[in-house]
Student: 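Can you read through this structure? Questions will come right after.
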Number of protein chains: 2
Amino acid sequence: MALQQLQAVNRSPGATRLRLLAATRSLLAAKGRRGTTTREIADQAGVNEATLFRQFGSKDALVDACVEHYCSTVELQELLASLDGDLERDLQRIASALIQRMENVRDLIVMSLAEENADGTVGEAAWRAPTAIKKIVADYMAKRIAAGELSGNPLFLARFFMGMVFSYVMGRKRFPEEYAADPPAVVEFQVGLFLNGARKV
Amino acid sequence: MALQQLQAVNRSPGATRLRLLAATRSLLAAKGRRGTTTREIADQAGVNEATLFRQFGSKDALVDACVEHYCSTVELQELLASLDGDLERDLQRIASALIQRMENVRDLIVMSLAEENADGTVGEAAWRAPTAIKKIVADYMAKRIAAGELSGNPLFLARFFMGMVFSYVMGRKRFPEEYAADPPAVVEFQVGLFLNGARKV
DNA sequence: GCGTTATGCAAGTAAGTACTTGCACTTAGC
DNA sequence: GCTAAGTGCAAGTACTTACTTGCATAACGC
């Protein structure tokens, strides 16, 4: 009548690790790094605390592995491939991908913001994809400036564009009641404002 | 030869409290709420840990008092008074006040972002001023839309405008090397882009 | 079947941390 | 000068938490 028989969880080699990573992530998002205990993580993963340490060695190593695991950068190529030359549509695709991406790692981004003055290397991984995308966007802006379709400093434009998405994602976190979930309309609004401004012509 | 004679600090009633508040703030910014210990705060304030508790009762009360102390809202009236009717200049004044304001409480904003899923009421105070300003901005946008100078949804415009500043301030925190400290030019750039967009005409 | 490996379990260790307390001393107000 | 309030200091309490350990048991490869 041991407990592990009752819950009948998957005991295959990688499954425990994955459950621990998932639990770690959700608890990190909810309570932050220091607010999350290894006991909680183990409980939520349906795993004994000792197993956590046997698998990852330390809490820090677990957190690092968690961030690494949830911050892959593979979607960038797809983004590049989907650009087809129409300025507005391209920007909408970029913004859409950015929103999706940032929403996914929003909790980790906030955590890295809060801890960047501290010791951890968490920030590095969480910002890797956005930083890479920023370069892509800057290059894209430069091309369109050269083509005479945009004006301004490509780096500034890229920063502004990224910031637009960033503030939207963060705003939805802080004031969820004000931000109805309507991503396509948001993307259109943002890109429209970015291209044409708010001034009535 | 007691230590307090050597450092010859001000021992007036409010001075200890102020030193504790200042130390609390700088440590909160550096290491977050949970990462900061009462011993550290007391040390940095040049005060004994027991005094901290005699003054504030608990660590939570100290943090609350700290946030409250550094998040006053008085500058809003000055902002309103400085608006003079010229659309671009008004927006620049608003943006400038916003940047200054958000830079001042940037650390507390980040802290509140990281802790909003937790228990604390810290977020409330840190976001009070920005939220109030957002209302002002939205009203301002509505007026200018009614006057035929702007187009769009006033709330969306306000959100976008605030987000512009927010992402700039946060970006400077995360990537300080990329953001040269040139606030006036930044304000001009942002307001220009907000009004006219990036598209070459 | 059998050894290896991963896990559960329970207990424990060591360190950190919020908070307290009793006493001596200094300072400020009267 | 005297009292009272504020502080320094040192020790201590109660609790949390990362991490360990020894043993029993279940699953997997051969």
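Since the structure is predicted, the reported quantities are computational estimates derived from the model, not experimental observations. Side chains are part of it too, since the values below use all heavy atoms of this structure and drop only hydrogens, waters and symmetry mates. Note on naming: letters A, B, ... go to the chains in the order of the sequence lines (proteins, then strands), and numbering restarts at 1 for each one.
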Student: Which pairs with one or both residues in residues 187-197 of chain B pass salt bridge (Lys or Arg N to Asp or Glu O under 4.0 Å), sequence neighbours excluded?
Tutor: none
Student: Below 3.5 Å between N/O atoms, which protein atoms pair up with nucleotides 21-23 of chain D? Just atom names and distances, please.
Tutor:
none

Student: Could you tell me whether a side-chain N or O of A:Arg19 sits under 3.5 Å from a main-chain N or O of A:Ala45, the two making a donor and an acceptor?
Tutor: yes
Student: Over 60° means perpendicular and under 30° means parallel, so tell me whether A:Phe166 and B:Phe166 are parallel, tilted or perpendicular.
Tutor: parallel
Student: Rounded to the Å, how far apart are A:Phe56 CZ and C:dT7 C1'?
Tutor: 14 Å
Student: Of all residues at least two apart in sequence or in a different chain, which pass the side chain to side chain contact (heavy atoms under 4.5 Å, CB included) check with A:Tyr70?
Tutor: A:Leu21, A:Ala22, A:Arg25, A:Cys66, A:Leu108
Student: Rounded off to whole Å, could you give me the CG-to-P distance for the B:Leu52 and D:dG8 pair?
Tutor: 11 Å
Student: A:Leu27 CG to D:dA18 P: how many Å, rounded?
Tutor: 12 Å
Student: In chain order, what residues pass the salt bridge (Lys or Arg N to Asp or Glu O under 4.0 Å) check against A:Glu103, with sequence neighbours excluded?
Tutor: A:Arg106, A:Arg172
Student: Side-chain polar contacts of residues 147-155 of chain B - donor-acceptor pairs under 3.5 angstrom, sequence neighbours left out - could you list them?
Tutor:
from: B:Glu149; atom 1: OE1; to: B:Arg144; atom 2: NH1; distance (Å): 2.7
from: B:Glu149; atom 1: OE2; to: B:Arg144; atom 2: NH1; distance (Å): 3.3
from: B:Asn153; atom 1: OD1; to: B:Leu155; atom 2: N; distance (Å): 2.8
from: B:Asn153; atom 1: OD1; to: B:Phe156; atom 2: N; distance (Å): 3.3

Student: I'd like to check the side chain to side chain contact (heavy atoms under 4.5 Å, CB included) partners of B:Glu68; sequence neighbours left out, ordered by chain and number.
Tutor: B:Ala125, B:Arg128
Student: According to side-chain hydrogen bond (donor to acceptor under 3.5 Å, both in side chains), who are the partners of A:Gln44, at least two apart in sequence or on a separate chain?
Tutor: A:Ser26
Student: List in chain and number order the residues that pass salt bridge (Lys or Arg N to Asp or Glu O under 4.0 Å) with A:Arg54, two or more places apart in sequence or in another chain; answer none if no residue qualifies.
Tutor: none
Student: Looking at residues at least two apart in the chain, or sitting in another chain, which of them share a salt bridge (Lys or Arg N to Asp or Glu O under 4.0 Å) with B:Lys59?
Tutor: none
Student: Tell me the interatomic distance from B:Arg17, atom CZ, to D:dG6, atom P, rounded to whole angstroms.
Tutor: 12 Å
Student: Rounded to the Å, how far apart are A:Phe53 CZ and C:dA14 C1'?
Tutor: 13 Å
Student: Can you measure A:Asp64 atom CG to D:dA18 atom P for me and round it to whole angstrom units?
Tutor: 15 Å
Student: For B:Glu88, give me all partners under side chain to side chain contact (heavy atoms under 4.5 Å, CB included), at least two apart in sequence or on another chain.
Tutor: A:Arg199, B:Asp86, B:Gln92, B:Val191, B:Leu195
Student: How large an angle, rounded to 10°, do the end axes of the helix from C:dG1-D:dC30 to C:dC30-D:dG1 enclose when each is built from five base pairs?
Tutor: 30°
Student: Summarise protein proximity over nucleotides 11-17 of chain D in one line of letters, 5' to 3': B for base, S for sugar-phosphate only, - for none, counting protein heavy atoms closer than 4.0 Å.
Tutor: ------S
